[in-house]
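Here, residue 1 is the first one in the sequence, and each next residue gets the next number. Side chains are part of it too, since the values below use all heavy atoms of this structure and drop only hydrogens, waters and symmetry mates.
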Amino acid sequence: MARWDPGTADRLRKAALELYAEHGYDAVTITQIAERAGITRRSYFRYFPDKREVLFAGAEQLPPAVAEAVLAAEEGESPLRTILAALADVGTRITQVVDPSPERRAIIAATPELRERERSKAAAITTAMQDALERRGTAPELARPAAQVAAIVFGDAFDRWIDSDGGRSFPACLDEAASAFREACR
C-alpha cells in the first residue's frame, strides 16, 4: 500500500464508524482504528489529529466557507434570507464530502465528548455568519439573532438530509426546515 494512499482517510473514517458502533466511542483506541484501516498508529496522525476528528474532519473549513458565501450574497435580502441562501450553497458542497450515515449521528448523540465537539463547531459557524452579516453592514442586534436562527435551521436541514440517507438535495432539506421554523413561529 502506498504511503500516502488517497483512500486512507476514507478507510479510517469507515473503520472508526464500524468500531465506534461495535464497541462504543470510549472503548475504541486510535491503534484499533488504524489497524482496521490497514495502517500504523503513527500513520493515523498524518490524517487526523485525534480520534474525534475522524468524525469531524473538514468541519474547520465550514465557518470561512459560510462567511464567504454570506459576504458574496446578493444585496437587498433580509439578514436571515441572506444567510439561508448562503447555507443552501455551502450545504450542497458539504453534502458532497460528508458521510450521511445515521450511525455517525447516533455515535455523536451517544457520546458527551462528541456532542460537545459538535456544539463547538456549530458555534463557530454561527459566529462566522454573524460576523459576515456585520461586515455587510447589518446591525449587531439583527445579525446575532439572524445567525442563531439560521444555525438552528441549518442543523435541522442537515438532520433531514441525513434522514434521507443523503438522497435528497440539501437546498430542499433547507427549504423544508426553514418552512417548519416559520410555521413554528406562527
Are any of the side-chain heavy atoms of [X] and [Y] separated by less than 4.5 Å?
X	Y	value
Tyr25	Leu19	no
Pro102	Asp165	yes
Ile125	Met129	yes
Lys121	Leu62	no
Leu174	Trp161	no
Pro171	Thr92	yes

Are Glu22 and Arg36 close enough, and set up right, to give a salt bridge (charged side-chain N to carboxylate O under 4.0 Å, His left out), and what steps lead you there?
CA-CA 13 Å; Glu22 291 167 16; Arg36 179 153 306 179; 3.0 Å; yes
Is there a path of hydrophobic side-chain contacts, each under 4.5 Å between heavy atoms of I/L/V/M/F/W/Y residues, joining Val153 to Leu142?
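No, it is not one cluster - the side chains of Leu142 and Val153 are not joined through contacts under 4.5 Å.
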Mind listing the closest non-hydrogen atom pair of [X] and [Y] along with its distance?
X	Y	answer
Phe48	Ala57	CE2-CB, 3.3 Å
Ala65	Val90	O-CG2, 3.6 Å
Tyr44	Leu12	CD1-CD2, 3.6 Å
Ala178	Leu84	CB-CD1, 4.2 Å
Ala132	Ala67	CB-O, 3.7 Å

Using a strict 4.0 Å threshold on nitrogen-to-oxygen distance, state whether [X] and [Y] make a salt bridge.
X	Y	value
Glu53	Arg13	no
Glu176	Arg168	yes
Arg105	Asp163	yes
Glu18	Lys14	yes
Glu183	Arg186	yes

Would you compute the distance between atom [atom1] of [X] and atom [atom2] of [Y] and round it to the nearest 0.5 angstrom?
X	Y	atom1	atom2	answer
Thr40	Ile30	OG1	CD1	12.0 Å
Thr138	Leu133	OG1	CG	4.5 Å
Gln61	Ile94	CD	CD1	10.0 Å
Leu114	Ile107	CG	CD1	8.5 Å
Arg160	Ile162	CZ	CD1	13.0 Å
Ile83	Gln148	CD1	CD	10.0 Å

So Thr31 and Glu35, side-chain contact (heavy atoms from CB on, under 4.5 Å) or not? Walk me through it.
CA-CA 6 Å; Thr31 301; Glu35 286 175 355; 3.4 Å; yes
Inter- and intrachain pairs under salt bridge (charged side-chain N to carboxylate O under 4.0 Å, His left out), touching residues 130-141, at least two apart
Glu75-Arg136
Where do Ile39 and Arg11 land on the side-chain contact (heavy atoms from CB on, under 4.5 Å) test, with the steps shown first?
CA-CA 10 Å; Ile39 65 169; Arg11 284 198 327 273; 3.7 Å; yes
Set out, in order, the CA-CA distance, both residues' side-chain angles and the distance that settles side-chain contact (heavy atoms from CB on, under 4.5 Å) for Phe45 and Asp50, then state yes or no.
CA-CA 7 Å; Phe45 294 105; Asp50 59 39; 5.6 Å; no
Hey, are Arg117 and Ser120 close enough side-chain-wise for a donor-acceptor pair under 3.5 Å?
no
Under 3.5 Å, is there a donor-acceptor pair linking the side chains of Arg46 and Ser43?
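Judged by distance alone, the side chains do pair up.
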For a side-chain contact (heavy atoms from CB on, under 4.5 Å) check, start with the C-alpha distance between Arg182 and Cys185, then their side-chain angles and the critical distance, and finish with the verdict.
CA-CA 5 Å; Arg182 282 190 295 275; Cys185 291; 5.7 Å; no
If you count every heavy atom of other residues, nucleotides or ligands that lies below 6.0 Å from Arg119 atom CZ, does the total exceed 12?
yes
Surrounding CD of Glu74 (heavy atoms of other residues, nucleotides or ligands, distance under 6.0 Å), is the total greater than 12?
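Not buried by this count: 12 neighbours or fewer within 6.0 Å.
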Under 6.0 Å between ring centres, would you say that holds for Phe154 and Phe170?
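Ring-ring flag for Phe154/Phe170: true, centres closer than 6.0 Å.
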Is a side-chain donor or acceptor of Arg104 paired with a backbone partner of Leu55 at a separation under 3.5 angstrom?
yes
